[in-house]
Amino acid sequence: MSLHFTEDEFQAAWRELDEPQVEGWELFTETMGVKIYRRYNQETGLYEYKVFGSLNCTPDLCAEVYMDLAYRKQWDSYVKELTEKDYDGQSAIYWEVKYPFPLSNRDYIYVRERKDLDIDGRKIWVILARSSLVSQCAEKSGVIRVKDYKQSLAIESDGNCGTKVFMNYFDNPGGMIPTWLVNWAAKSGVPGFLTDMQKACNNYQNYCKNKK
């Protein structure tokens, strides 16, 4: 039994692959076969996003690449620090993200869990993550701690050699960030991330070979 996520959360994530739950959401942008929906969060004044798209690689490879933190440091240019640590017996991930000057970098502490599901013979991978408050990890000077972050990812084969992708995320970066920059990050950052992820999947075999 997961300490962080309920079975219902895993089930809700994969079901979006079949029936996207976008009532009350607006279509924000559609580019390179990726559809991004958003919903305004009254409490924070920010948007939550849902992403539907595809990758030209197998879902098991996609899941491996997504979970591999050491490899993420190689292909994601926004990562300053990324490591899994043990905080009083609880495993959590510390992640510092580079922000463009003059903005301060952000860092996160989050927990995540992956489940490989068998749904009536369909193999579906679900990875859930959310921010976790860990008092043992002090905030760094000049870096803003993101305390409200969640992400869910569900992937399965598209029936050929590709992967069908659903992603839901919300991130409150804190500080004074102009609205245009937040919008830009969502509009170009997400397709950009999927493009980078695609390249990372293509190069993963070489990376694993060279690592040995």
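Every value quoted in this text rests on a predicted model; they were computed, and no experiment measured them. Note: hydrogens, waters and symmetry copies are ignored here, and every other heavy atom, side chains too, is used.
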Tell me the closest heavy-atom pair linking Ile155 and Thr163, and the distance in Å. CB-CG2, 3.6 Å

Taking the side chain as every heavy atom from C-beta outward, state whether Gln21 and Arg15 have any pair of such atoms under 4.5 Å apart. no

I'd like to know if the side chain of Asp76 and the backbone of Arg72 have a donor-acceptor N/O pair within less than 3.5 Å. no

Atom pair CZ (Arg39) and OH (Tyr37), whose distance is rounded to the nearest 0.5 Å: 14.0 Å

So salt bridge (Lys or Arg N to Asp or Glu O under 4.0 Å) across residues 120-134, not counting sequence neighbours, yields Glu9-Arg130, Asp18-Arg122, Arg122-Glu156

Are Leu69 and Tyr78 linked, directly or through intermediate hydrophobic residues, by side-chain heavy-atom contacts shorter than 4.5 Å (ILVMFWY only)? yes

Any heavy-atom pair between the side chains of Gln11 and Lys115 that's under 4.5 Å? no

From Glu113 CD over to His4 NE2, what is the distance, rounded to the nearest 0.5 angstrom? 7.5 Å

Ile109 versus Cys137, closest heavy-atom pair with distance: CD1-CB, 3.3 Å

Report yes or no: do Ile36 and Phe170 belong to one cluster of Ile/Leu/Val/Met/Phe/Trp/Tyr joined by side chain heavy-atom distances under 4.5 Å? no

Please answer whether the main-chain N or O of Tyr94 pairs with a side-chain N or O of Thr83 as donor and acceptor at a distance below 3.5 Å. no

Are Val65 and Met67 grouped together when hydrophobic residues (ILVMFWY) are joined by side-chain heavy atoms under 4.5 angstrom apart? yes

Check: Gln151 and Arg112 side chains under 4.5 Å, non-hydrogen atoms: no

Please tell me whether Thr58 and Asp60 have a donor and an acceptor in their side chains that are separated by less than 3.5 angstrom. yes

Taking every non-hydrogen atom, the tightest pair across Asn105 and Tyr99: OD1-N, 2.9 Å

More than 12 heavy atoms of other groups within 6.0 Å of Lys85 NZ: yes

In Å, rounded to the nearest 0.5 Å, how long is the span from CG of Asp107 to CD of Glu81? 8.5 Å

Would you say that Glu139 contacts Val143 through its side chain, given a criterion of any heavy-atom pair below 4.5 Å between the two side chains? no

What pair of heavy atoms forms the shortest contact from Ser91 to Asp86, and how long is it? N-OD1, 4.1 Å

Is there a side-chain contact between Phe5 and Ser152, using heavy atoms and a 4.5 Å cut-off? no

Quick check: closest heavy atoms across Val126 and Ala13, and the distance to 0.1 Å? CG1-CB, 3.8 Å

Following the transitive rule for hydrophobic clusters with a side-chain heavy-atom cut-off under 4.5 Å over Ile, Leu, Val, Met, Phe, Trp and Tyr, establish whether Leu17 and Leu27 coincide in one cluster. yes

Can you measure from CG (Asp116) to CH2 (Trp125) and round to the nearest 0.5 angstrom? 6.5 Å

Donor-acceptor pair, Glu48 side chain versus Asn168 backbone, under 3.5 Å? no

Hey, is the main chain of Glu64 close enough, under 3.5 Å, to the side chain of Asp68 for a donor-acceptor pair? no

Do Arg106 side-chain atoms and Pro173 backbone N/O form a donor-acceptor pair below 3.5 Å? yes

Treat each ILVMFWY residue as a node, draw an edge where side-chain heavy atoms are under 4.5 Å apart, and state whether Ile144 and Ile177 are in one component. no

Below 4.5 Å, heavy atoms only, C-beta onward: do Asn172 and Lys147 meet side chain to side chain? no

Taking the six-membered ring for Trp, are Tyr169 and Tyr49 parallel (under 30°), tilted (30 to 60°) or perpendicular (over 60°)? parallel

Nearest 0.5 Å, please: how far is CZ in Phe28 from OH in Tyr47? 8.0 Å

Shortest non-hydrogen separation from Pro59 to Gly162 and the atoms involved: CD-O, 4.1 Å

What is the distance from atom NZ of Lys80 to atom NZ of Lys73, rounded to the nearest 0.5 Å? 13.5 Å

Test: Lys164 and Asp158 ion pair at under 4.0 Å: no

Please work out which of the three classes, parallel, tilted or perpendicular, describes the rings of Tyr204 and Tyr71, given edges at 30° and 60°. tilted

Side-chain contact, heavy-atom cut-off 4.5 Å: Met197 with Trp75? yes

Please examine the side chains of Val34 and Val51, heavy atoms only from C-beta on, and report whether any two atoms are closer than 4.5 Å. yes

